[in-house]
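What's counted below: heavy atoms across the whole structure, side chains too, no hydrogens, waters or symmetry copies.
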Amino acid sequence: MRQSSDKWNNFIKKLMIAVILILAAFLSLKEAAQAAGRLDIKDIQNWVGEGVAESVSLIWHYQYPAASWDLEVEDGEALYQEKSLGSLFCGFFFSHSPLSRYTGRSRKTADYYGESDPAYISYLESGKFYEEHSFLLYDGGEESGEDGSVNAGTHKAQPETQETPAEDGSKQDLSAVTQPEIPVNKDKNSAMTCASSSIWPIVGTTYRKEQLADYDYMMKHFYSVHTSTTAGRDLMKADQFLSENFTLEGGNDKPQILIYHTHSQEEYSDFGPGNKEATVVGIGTYLTKLLTAKGYNVIHDTSVYDLQNGKLDRNKAYTYALDGITGILQKNPSIEVIMDIHRDGVNSDLHMVNKVNGKMTAPIMFFNGICQTPEGPIEYLPNPYREKNLAFSFQMQLDSAAYFPGLTRKIYIKGLRYNQHLRARSTLIEVGAQTNSYQEALNAMEPLSEVLDMVLKGN
């Protein structure tokens with residue numbers, strides 16, 4: 001019995017020595033691979049694993065021809081899946097070896113070391129969400145024209161002017177992208193606008209209550225919904241949007257409006273050494289000037305949130321911006337309106353411009369994040385002001401159509417939050433695109449300030 005035990009102990013020692021030698025060889029290969037920069041330890045594991053798996057499988061089937069596992073039959077031939085006995089053996093060996101734990105290889109699931117931290121579980125769930133909805137992270141997630149369209153589902157009317165050949169034979173872009181063809185309501189007595197103006201006449205499109213009460217009609221004429229989300233009848237209710245009162249409560253002795261730029265590096269077509277103001281920050285500066293002239297107390301935050309260590313990082317810009325504007329709101333709790341000014345990104349051959357109030361103007365687009373995917377709400381991105389944000393942009397859109405036709409594109413709806421959860425009057429506004437000139441974008445700020453003034457004064 002003692003002799004048998006000694007033999008067993010010697011066998012275990014030899015086995016341990018063999019394992020140590022194998023691990024030492026792997027470590028040597030890893031160090032050499034890191035020095036050469038050509039070989040990955042994971043590749044070694046795969047090669048060795050496949051060889052051992054094949055050998056063990058052949059021995060098993062030779063000794064036990066009647067036994068099988070994980071078999072698939074195709075045209076009379078047996079095809080063995082990856083989960084053979086050899087594969088399971090190698091997987092177990094490599095997953096439990098110290099080498100495997102410290103090679104830094106990626107894992108689809110975390111190693112289990114007892115009960116997981118709830119914050120870490122939340123991190124894993126959010127990572128899974130973004131993995132499944134990676135399209136939300138494209139360039140910060142708010143560009144709407146990647147496919148070259150003005151708005152998904154928007155019908156383009158005939159341009160006011162056509163392309164004409166230049167002297168060098170190329171085409172000059174003189175076309176104007178206009179609003180969808182929407183029937184104008186001729187009965188002004190039943191027309192719906194959110195505000196009346198003693199300065200600006202109604203020269204554009206107005207709507208009847210019956211039209212706006214029709215969900216399908218409202219969605220067709222007012223909204224473009226990204227595939228990352230869904231906007232159902234329970235959420236999109238025009239009567240509730242119109243019933244909201246956005247009149248500012250306080251006086252202008254304290255800050256009322258905050259303008260900032262999550263993507264401050266967005267430029268217009270004529271940006272250059274001689275025109276460094278041709279960015280969205282310059283647009284925000286002009287809008288601040290216009291609103292201040294109307295009597296509002298405005299803070300323009302020109303902080304840079306999309307550059308980190310000199311490198312453009314738009315995917316995290318919303319996180320950095322949230323920290324920045326939260327600090328501003330803590331110091332200035334009187335702020336009731338938050339506007340994040342962007343410019344859109346479209347195909348290089350698309351030039352969006354309309355004549356508004358006698359000036360060639362880049363169209364603007366109100367943008368709402370509604371914190372839900374087609375599968376349901378995003379629980380870790382709550383927005384208590386979601387419906388009010390939707391109502392705020394809807395009222396401005398309605399008045400824009402009546403007083404400044406051609407100023408706006410359809411309201412764009414997407415699945416995330418975009419920091420619109422801090423105030424009831426929060427909006428993200430895309431001003432033109434990279435193909436627009438700085439002057440075309442500046443021209444849009446004048447009618448935008450008028451529309452915003454109408455809604456905030458509740459005329």
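Annotation: the span from Ser228 atom OG to Gln372 atom CD amounts to 10.0 Å, rounded to 0.5 Å. To the nearest 0.5 Å, atoms CG (Asn354) and CD (Glu440) are separated by 10.0 Å. Between Asp301 atom CG and Ser264 atom OG the span is 9.5 Å, to the nearest 0.5 Å. We find the OG-CD1 distance between Ser426 and Ile338 to be 4.0 Å, quoted to the nearest 0.5 Å. Atoms CG and CE, on Asn436 and Met352 in that order, are 5.5 Å from each other to the nearest 0.5 Å.
Ser224 contributes no side-chain N or O that, together with a main-chain N or O of Tyr412, makes up a donor-acceptor pair within less than 3.5 Å. Remark: side-chain polar atoms of Arg343 are not paired, donor with acceptor, to backbone N or O of Gly432 under 3.5 angstrom. A side-chain donor-acceptor contact under 3.5 Å links Arg423 to the backbone of Ile335.
Using a 3.5 Å distance cut-off with no hydrogens or angles, the side chains of Asp340 and Asn419 do not pair a donor with an acceptor. Between the side chains of Gln439 and Asn443, at least one donor N or O lies within less than 3.5 Å of an accepting N or O. A donor-acceptor contact closer than 3.5 angstrom links the side chains of Tyr217 and Gln211. Donor-acceptor pairing under 3.5 Å is recorded for the side chains of Glu375 and Thr373.
A side-chain hydrogen bond (donor to acceptor under 3.5 Å, both in side chains) with Tyr296 is found for exactly one of Thr288, Asn252, Asp453, namely Asp453.
Counting heavy-atom neighbours within 6.0 Å of Glu277 CD, excluding the residue itself, gives a total of 12 or less.
Identified under the ring pair (Phe, Tyr, Trp, His ring centres under 6.0 Å) test for residues 427-454, with sequence neighbours left out: none.
Aromatic ring orientation, Tyr318 versus Tyr418: perpendicular (interplanar angle above 60°, classes split at 30° and 60°). Ring geometry for Tyr207 versus Phe222: interplanar angle of 30 to 60°, hence tilted.
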- Query: Going through the checks in order, is the salt bridge (Lys or Arg N to Asp or Glu O under 4.0 Å) test met by Lys359 and Glu446?
  - Reply: CA-CA 10 Å; Lys359 298 180 180 180; Glu446 297 167 5; 3.0 Å; yes

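At least one side-chain heavy atom of Leu242 sits under 4.5 Å from a side-chain heavy atom of Phe394.
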